[in-house]
Amino acid sequence: MAVSALILWHNPRCSKSRAALNLLQEAGHEVSVRRYLEDPPTLSELQAVQDMLGVSAIDMLRTGERVFRESGLSKMSPEEELLAAMVSHPILIERPVALFGSQAVIGRPPERVLGLV
């Protein structure tokens, strides 16, 4: 999956996500914001982003979220189970995620998003 515009999977309640968006905008980049909690990614989108990131599913997860524990997930859970959990509970997706071209980064720290453009 290659994207032609700079896309930020954004949660406006998250300070890291807000900081990443501000950094991109201050650098003069036009950013397409996707509020992924309201518009969750599909399984195929998550798999494509995982490929772009080059990480395992657990590295895309917020393991400290209550729903992670309540779902019976662990760091040893199969990839398919972790991806399915992110589809069902997008709050589990580590944020923010910036996408541009055929690359993606998780903005932790937020300055990492500037490396895409």
Handout entry: Gap between atom CZ of Phe68 and atom CD1 of Ile91 - 0.5 Å precision
Key = 14.0 Å
Completion exercise
Taken in chain and number order and not counting sequence neighbours, the residues that satisfy salt bridge (charged side-chain N to carboxylate O under 4.0 Å, His left out) with Glu38 are Arg35
Problem - Heavy-atom side-chain contact between Val113 and Val105 under 4.5 Å - result: yes
Problem - Donor-acceptor pair, side chain of Arg34 and main chain of Asp39, under 3.5 angstrom - result: yes
Problem - Reported NZ-to-OG1 distance for the pair Lys75 and Thr63, which is rounded to 0.5 angstrom - result: 5.0 Å
Handout entry: Qualifying residues under side chain to side chain donor-acceptor pair (under 3.5 Å), relative to Asp51, sequence neighbours excluded
Key = none
Handout entry: Distance in Å, Ile93 CD1 paired with Asn11 CG, rounded so as to fall on 0.5 Å steps
Key = 10.5 Å
Completion exercise
What one should report as the nearest heavy-atom pair of Pro110 and Ala20 is CB-N, 3.8 Å
Handout entry: More than 12 heavy atoms from other groups under 6.0 Å of CD on Glu30
Key = no
Handout entry: Contact summary for Gly72 and Ser77, nearest pair of heavy atoms
Key = O-OG, 4.5 Å
Fill in the blank from the handout: Tested for side-chain contact (heavy atoms from CB on, under 4.5 Å) against Val31, the lone hit among Ile7, Leu24, Leu23 is Leu24
Problem - Atom pair CG (Leu83) and CG (Leu92), whose distance is rounded to the nearest 0.5 Å - result: 11.5 Å
Exercise for the section: Kindly give the heavy-atom pair with the smallest separation between Trp9 and Leu46, and that separation in Å. Expected result: CZ3-CD2, 3.9 Å
Handout entry: Side-chain (Ser74) to main-chain (Met76) donor-acceptor, under 3.5 angstrom
Key = yes
Exercise for the section: Mind jotting down which residue pairs meet the salt bridge (charged side-chain N to carboxylate O under 4.0 Å, His left out) criterion with at least one end in residues 10-23? Sequence neighbours excluded, please. Expected result: none
Completion exercise
Sorted by chain and residue number, the side chain to side chain donor-acceptor pair (under 3.5 Å) partners of Gln50 (sequence neighbours excluded) come out as Glu79
Problem - Distance-minimising heavy-atom pair for Leu116 and Leu99 - result: CD1-N, 3.9 Å
Exercise for the section: Enumerate the residue pairs fulfilling side chain to side chain donor-acceptor pair (under 3.5 Å) with a member in residues 19-28, sequence neighbours excluded, ordered by first and then second residue. Expected result: none
Practice task
Report the C-alpha distance between Asp59 and Leu53 in whole Å, list the side-chain angles of each, state the deciding distance to 0.1 Å, and finish with yes or no for side chain to side chain contact (heavy atoms under 4.5 Å, CB included).
Solution key: CA-CA 10 Å; Asp59 295 326; Leu53 289 167; over 6 Å; no
Problem - Distance in Å, Leu8 CG paired with Tyr36 OH, rounded so as to fall on 0.5 Å steps - result: 9.5 Å
Practice task
Kindly state each residue pair satisfying salt bridge (charged side-chain N to carboxylate O under 4.0 Å, His left out) with at least one member in residues 87-112, sequence neighbours excluded.
Solution key: Arg62-Glu94, Glu94-Arg108
Exercise for the section: Keeping the roles fixed (side chain from Ser88, backbone from Ala85), state whether a donor-acceptor pair exists under 3.5 Å. Expected result: no
Exercise for the section: Can you measure from CG (Leu37) to NE2 (His10) and round to the nearest 0.5 angstrom? Expected result: 10.0 Å
Fill in the blank from the handout: Shortest non-hydrogen pair, Met52 vs Ala104, comes out as CB-CB, 3.8 Å
